[in-house]
Amino acid sequence: FNDCLYNACSFDHLELAKYMVQLGATDFNWGLYDACWSGHLELAKYMVQLGATNFAECITTAQRWDNIDIVTYLQTQL
């Protein structure tokens with residue numbers, strides 16, 4: 001289920017991500033990473049809500065891809 005969670009976060013499918021979590025996906029750090037490089041703020045917020053903690057790596061990734069709204073959000077979570 002984690003692989004599908006990663007893809008849902010990469011391609012902006014929030015409802016699918018929620019469903020994968022219900023089915024047992026647990027790798028929220030990778031989900032956050034994928035949401036950050038692809039620029040999906042709502043999915044990034046959802047992964048943080050679920051317990052993702054890899055903020056430093058994800059801030060760097062979001063900056064690299066010019067996803068400044070995600071950078072700003074993650075900085076408030078530090």
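In this structure, NE2 in H40 is found 14.5 Å from NZ in K45, a value given to the nearest 0.5 Å. For the atom pair OG1 (T76) and CZ (F55), the distance works out to 8.5 Å, reported to the nearest 0.5 Å. Atom CG of D69 sits about 5.0 Å away from atom CG of L41, to the nearest 0.5 Å. From S38, atom OG reaches atom CG of N67 across 7.5 Å, with rounding to the nearest 0.5 Å. In this structure, SG on C36 lies 11.5 Å from CZ on R64, to the nearest 0.5 angstrom. In this structure, D3 CG and W30 CH2 are separated by 11.0 Å, a value rounded to the nearest 0.5 Å.
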Check your understanding: Going through the checks in order, is the side-chain contact (heavy atoms from CB on, under 4.5 Å) test met by L78 and I59?
Key -> CA-CA 11 Å; L78 294 175; I59 287 170; 4.2 Å; yes
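Taking each heavy atom of A8 and A17 in turn, the nearest pair found is CB-N, 3.7 Å. Shown here for I70 and A62, the closest heavy-atom pair between the two residues is CG2-CB, 4.0 Å. For the pair L74 and C58, the tightest heavy-atom approach, listed with the atom from each and the gap, is CD1-CB, 3.8 Å. The shortest heavy-atom contact between G31 and M47 is C-CG, 3.6 Å.
L32 and F1 fall within a single hydrophobic cluster, where Ile, Leu, Val, Met, Phe, Trp and Tyr are joined by side-chain heavy atoms under 4.5 Å apart, directly or via other members. Following chains of ILVMFWY side-chain contacts shorter than 4.5 Å, one cannot reach I68 starting from Y33, and the two form parts of different hydrophobic clusters. Clustering ILVMFWY residues whenever any of their side-chain heavy atoms sit less than 4.5 angstrom apart, transitively, puts Y6 in a cluster other than the one holding L43.
Within the 4.5 Å cutoff, side-chain heavy atoms of Y73 are placed close to those of V48. Looking only at side-chain heavy atoms (C-beta outward), C9 and Y46 stay at 4.5 Å or farther from each other. Looking at L50 and T26, their side chains never come closer than 4.5 Å, going by heavy atoms from C-beta outward.
N2 contributes a side-chain N or O that, together with a main-chain N or O of D27, makes up a donor-acceptor pair within less than 3.5 Å. The closest donor-acceptor contact from the side chain of N54 to the backbone of N29 lies under 3.5 Å.
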